[in-house]
**Student:** 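There's a structure below that I have some questions on.
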Amino acid sequence: MNEKYFPEAIEKKWQQRWEQQRAFEARENDPRPKFYALEMLPYPSGYLHMGHVRNYAIGDALAWYKRLQGFNVLHPIGWDSFGQPAEQAAIKRGVNPRDWTEENIAHMRGQMKRLGISYDWSREIAAHRPDYYKWDQWFFLKMFERGLAYKKTSQVNWCPKESTVLSNEQSSGGVCWRCGTAVEKRDLDQWFLRITDYAEQLVKDIDEIESGWPEKVLKRQRDWVGRSEGAYIDFAEKNSDKKIRVFTTRIDTIFGATAIVLSTEHPLLAELLAGSTLQADVFRFAEKVKAARLAKQDPTAEEAKKGINTGALAINPFNGESLPVWVANYVLMDYGAGAVMSVPAHDERDFEFAQKYTLPIRQVIAPVSHDQARAEPMAATGGDQSQMMHQAFTDYGVLINSGQWGGKLSEDAIREMAEYAEAKGFGGAAVTYRIRDWGISRQRFWGAPIPIIYCDNCGMVPVPMADLPVVLPATAEFTGAGQSPLAGVAEFVNTTCPKCKRAARRETDTMDTFVDSSWYFFRYCDPRNETAPFDPEIVKQWTPVDQYIGGDSHAVMHLIYTRFWTKFMRDLGLVSFNEPVKRLLTQGMVTNRVEGTEEWKAMSKSLGNGVDPDEMIEAFGADAARLFVLFAAPAENELRWIETGIEGAVRFLRRVWTIVWRWRDQLKAGSLGSQRSQDFSDAARRLRRKTHQMIARVTEDFEKLDLNTNVAALMELLNVLTDMQVRLDLNRDLPMGMTQEMLRGDLDAFGEAIETLVVMLAPFSPHIAEEMWEGLGHADGLLSGQRAWPVADPELARQEELEIPVQVNGKLRSRILAAPDVTEEQLRALALADEKVRALIDGHQVVKVIVVPQRLVNVVVK
RNA sequence: GCCGGAGUGGCGAAAUUGGUAUACGCACCAGACUCAAAAUCUGGCGAGGUCACACUCAUGUCGGUUCGAGUCCGACCUCCGGCACCA
């Protein structure tokens with residue numbers, strides 16, 4: 001330790017020492033309790049940005065804290081290294097995606113090391129390496145065996161800019177999640193994973209993680225799965241034996257149905273129209289709708305409702321009424337049954353449709369008047385049918401014009417009518433989900449090849465497990481056109497059929513990279529396993545993840561996939577739990593002012609408001625940069641980058657450094673931390689109290705991951721230490737009333753506080769903490785290897801004297817001093833005796849006195 | 001449109017979950033050191049008011065509950081996210 005704080009030198013020093021001593025390598029079969037701290041693995045785009053720094057600083061603070069507390073901590077990192085940007089670089093600049101990716105990884109790894117993040121580098125993995133993606137393929141085949149991976153032709157989301165398919169999750173909002181381009185619809189032959197089989201579990205198991213995940217993420221997970229309870233009903237077509245099934249959440253409105261409306265893609269359509277004179281018109285209409293959908297410029301824009309009558313009739317099984325069967329553009333084939341019963345009076349869309357085509361609007365639900373709701377439901381408006389409806393009434397209410405169900409409340413009718421339908425055999429209660437199967441085919445080169453072979457004799461044949469991995473060829477021709485570059489690599493495509501050994505062709509689509517990231521944190525546990533994705537016994541020692549940290553941009557995509565994958569692995573017997581992540585923290589964005597504007601936006605190259613972590617490290621040191629990003633705002637909040645803020649962080653570190661440097665010899669020589677002295681001065685007792693209060697506070701805040709207030713506590717402790725330091729100086733000549741023992745006590749208290757500060761600083765700024773720890777005479781080993789986290793002594797932390805606020809009629813008027821064990825009675829008496837209080841209550845009648853023990857007194861007067 | 005979340009000094013933010021509002025930091029002001037500046041150290045810093053106290057007002061707005069409300073309830077305003085015809 002030198003007199004001056006030079007971050008560069010000490011950061012390099014400790015980074016080397018940590019590496020030499022393998023300080024952060026986690027080992028299995030350790031008797032200590034485990035802790036799995038995980039940050040979302042980065043895409044190797046080339047450079048770290050401040051968002052990464054924030055992510056890793058949060059995770060590392062937690063890893064350090066747990067390590068210092070004596071946990072066996074697993075803190076790994078890897079690379080989500082398959083994906084579009086590498087291929088774009090190949091298309092634009094002719095570089096090989098693999099070289100580009102490897103170079104980026106090398107550079108970013110260097111940046112991470114310069115930040116001094118305590119990763120276990122021995123477990124580093126990268127998705128683009130065959131020893132990793134082999135297991136993506138293995139999982140795919142396991143799903144294929146179980147019918148969970150399948151191929152079908154369907155309308156998919158197509159990003160025209162990247163020439164590839166996107167999953168529903170990746171085209172949420174109608175735009176590509178990566179480049180923001182509006183997606184188009186295309187008909188393509190695609191591979192899907194049956195995530196819908198797990199829809200119910202994806203909703204239900206939220207119970208298990210409810211307490212550990214942010215509410216907003218859980219909400220989005222629930223919304224995405226879109227569980228909806230309702231009923232299905234079969235309407236018999238009048239002139240055939242066909243049944244038209246509809247799904248509704250409002251079976252109670254069925255007496256108000258005035259049409260059945262099918263999606264243009266409904267499979268029954270052709271049969272219903274067979275021989276009809278309207279056939280040609282309806283088909284033409286369906287084609288037009290489809291064309292409009294494919295050509296839509298803004299996919300989120302709603303189109304005007306359009307429809308056409310098919311001439312067919314369907315019979316309402318509840319009242320035998322014949323309803324016209326229509327086809328319309330607003331009914332979606334891939335939700336519910338692809339057909340709806342149109343109830344214009346009680347559904348806004350149906351209302352709009354009915355108005356346009358002058359279909360009858362029949363009210364069957366009336367608002368309920370509240371006083372009568374309980375005893376005997378009654379229509380508040382009387383339900384006059386002749387009344388014109390100006391808009392749909394979509395609330396629950398009382399059934400009217402509904403035969404035997406009239407007078408019932410919607411809630412009851414929904415249940416009873418579904419039971420009735422089931423008893424009569426034409427329907428029943430049902431649950432539908434909004435979530436669709438996960439389309440994983442990508443017409444790209446830089447991904448894991450889908451291990452399927454097409455044979456003219458045997459059809460679709462899975463690659464035998466023993467032949468994995470299906471290795472990506474070294475290169476291909478990158479044109480950016482809408483076909484996988486793999487299709488142009490003859491050596492790759494041409495193969496032999498595993499079954500009949502005749503010539504066959506490989507699947508040329510690759511997998512969505514979200515497959516790679518769905519299970520990577522299990523691989524960290526056993527990263528070099530060559531015979532399985534991982535050994536379940538080893539994984540059991542580390543998982544589930546105790547704390548996961550990442551941006552909320554993955555609130556739906558990655559997190560729903562990885563939950564799905566975990567459930568599948570559970571079904572394979574690889575893991576024994578339902579949910580992979582116990583606690584999740586979604587960090588806020590790091591923003592910076594966009595030059596020339598008042599706007600704060602996420603740092604980005606295109607906006608020119610990026611801040612380079614390397615420059616920050618060079619100018620202020622990694623310790624200061626990390627400290628600042630943790631201190632500046634709560635982890636979930638947006639973090640606005642302010643240059644003077646990081647200067648403040650350096651200032652704090654320098655102040656700590658200076659005080660440690662100044663006192664290190666005396667503290668080394670003294671009874672540092674042993675608290676041998678029995679006689680403490682008032683000032684020393686005050687310092688010890690503060691020290692132990694801060695230990696308690698920082699420890700608590702760590703459990704809540706309130707890192708910003710944590711740093712504030714460290715600053716407070718330093719402020720108190722600084723005051724004490726002045727005192728120690730003045731007392732060098734042992735003034736009156738001060739014994740040698742007391743001076744020694746002062747030094748003890750001081751040493752305890754300093755050591756506490758150094759240890760508690762380590763999770764935020766580890767290099768300087770190691771250096772100061774060494775400077776304080778701990779030559780025996782790394783701070784990172786110690787179980788050094790202090791434990792608060794409640795006795796010492798307790799106030800010796802309380803300052804109790806006294807209110808008169810709820811307004812603060814005075815403060816009184818009292819011992820901590822003061823009784824309520826005493827407090828009351830003290831408050832009433834207080835001069836200021838007496839002046840105020842003089843001439844008034846004291847109505848009552850409220851005493852909150854140890855807290856406050858409120859005198860109520862009239 | 002529907003569903004969430006949030007509004008506290010000039011700024012980032014605290015507040016033991018109903019009990020001293022504004023901790024900690026940034027910025028700013030003053031002083032010390034310096035020939036001077038930077039750095040550093042010390043002090044000040046919600047608004048009004050006062051020589052200084054006292055006092056009054058202040059947690060988006062308006063009401064309510066309570067001895068007591070940033071915190072609970074109701075209505076409204078503003079901002080930020082999410083979803084997009086989901087039957």
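Proteins get letters first, then strands, A, B, ... in listed order; numbering begins at 1 in each.
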**Student:** Nearest to the side chain of A:Lys219, which nucleotide is it out of B:C24, B:C86, B:G4?
**Tutor:** B:G4
**Student:** Base, sugar-phosphate, or nothing for A:Gly648, non-hydrogen atoms under 4.0 angstrom?
**Tutor:**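 Sugar-phosphate: the residue A:Gly648, judged by heavy atoms under 4.0 Å, touches backbone atoms but no base.
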**Student:** Does this structure show an ion pair linking A:Glu229 with A:Arg227, if we count only N-O contacts that are shorter than 4.0 Å?
**Tutor:** yes
**Student:** Assign each of A:Thr644 and A:Lys848 to its nearest nucleotide of RNA chain B by heavy atoms, then name whichever residue's nucleotide is nearer the 5' end.
**Tutor:**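 The residue closer to the strand's 5' end, by nearest nucleotide, is A:Thr644.
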**Student:** To the side chain of A:Arg654, which of B:A14, B:U40, B:C83 is closest?
**Tutor:**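 Given the options B:A14, B:U40, B:C83, the side chain of A:Arg654 is closest to B:U40.
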**Student:** Taking A:Arg697 first and then A:Glu716, would you say they form a salt bridge - that is, a charged N and a carboxylate O separated by under 4.0 Å?
**Tutor:** yes
**Student:** Classify the nucleic acid contact of A:Val860 as base, sugar-phosphate or nothing, counting any heavy atom under 4.0 Å across all strands shown.
**Tutor:**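 Sugar-phosphate contact only - A:Val860 comes under 4.0 Å of backbone atoms but never of a base.
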**Student:** Rounded to whole angstrom, note down the P distance from B:C28 over to B:C76.
**Tutor:**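 Each nucleotide's P atom is 43 Å from the other's.
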**Student:** Across the strands shown, which category fits A:Arg655 at heavy-atom distances under 4.0 angstrom: base, sugar-phosphate, nothing?
**Tutor:** sugar-phosphate
**Student:** Would you indicate which nucleotide in B:A14, B:G25, B:C85 comes nearest to any side-chain atom of A:Pro634?
**Tutor:** B:A14
**Student:** Under 4.0 Å between any heavy atoms, over every strand shown, what does A:Asn719 touch: base, sugar-phosphate, or nothing? Just pick one.
**Tutor:**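 The answer is sugar-phosphate, as A:Asn719 gets under 4.0 Å only of primed atoms, P, OP1 or OP2.
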**Student:** Classify A:Glu716 by what it touches in the nucleic acid, base, sugar-phosphate, or nothing, heavy-atom distance under 4.0 Å.
**Tutor:**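 The residue A:Glu716 makes sugar-phosphate contact but no base contact.
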**Student:** Which nucleotide sits closest to the side chain of A:Arg220: B:G4, B:C83, B:C24?
**Tutor:**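 Nearest to the side chain of A:Arg220 among the choices is B:C83.
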**Student:** In whole Å, measure the gap between the C1' atoms of B:C62 and B:U78 for me.
**Tutor:** 15 Å
**Student:** Hey, does A:Val331 reach any base, or is it just sugar-phosphate, or nothing, if we go heavy atoms under 4.0 Å?
**Tutor:**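 Base contact - A:Val331 has a heavy atom under 4.0 Å of at least one base atom.
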**Student:** Mapping A:Val711 and A:Leu812 to their closest nucleotides on RNA chain B, which lands nearer the 5' end?
**Tutor:**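 Between the two, 5'-proximity favours A:Leu812.
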**Student:** Sticking with atom P, work out how far B:G60 lies from B:A54, rounded to a whole angstrom.
**Tutor:** 26 Å
**Student:** Out of B:C83, B:C26, B:G12, which nucleotide sits closest to the side chain of A:Phe631?
**Tutor:**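 So the nucleotide nearest the side chain must be B:G12.
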**Student:** Compare the minimum distances between each of B:C85, B:A14, B:A84 and the side chain of A:Asn329, then state the nucleotide with the smallest one.
**Tutor:** B:C85
**Student:** Looking at B:A13, B:C26, B:G68, which one has an atom nearest to any side-chain atom of A:Asn637?
**Tutor:**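 Selected nucleotide (nearest to the side chain): B:A13.
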**Student:** Could you check which of B:C57, B:A87, B:G25 has an atom nearest any side-chain atom of A:Lys811?
**Tutor:** B:C57
**Student:** Per the atom types in the model, does the base of B:U16 pair as donor or acceptor with the side chain of A:Arg855 at under 3.5 Å?
**Tutor:**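 Yes.
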**Student:** Have a look at A:Asn708 and say if it touches a base, only the backbone sugar-phosphate, or nothing, with a 4.0 Å heavy-atom cut-off.
**Tutor:**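 Counting heavy atoms under 4.0 Å across all strands, the contact made by A:Asn708 is with sugar-phosphate only.
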**Student:** Between B:G25, B:C55, B:A13, which nucleotide gets closest to the side-chain atoms of A:Arg813?
**Tutor:**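 Looking only at side-chain atoms, A:Arg813 lies closest to B:C55.
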**Student:** Which nucleotide sits closest to the side chain of A:Leu332: B:C26, B:G19, B:A87?
**Tutor:** B:A87
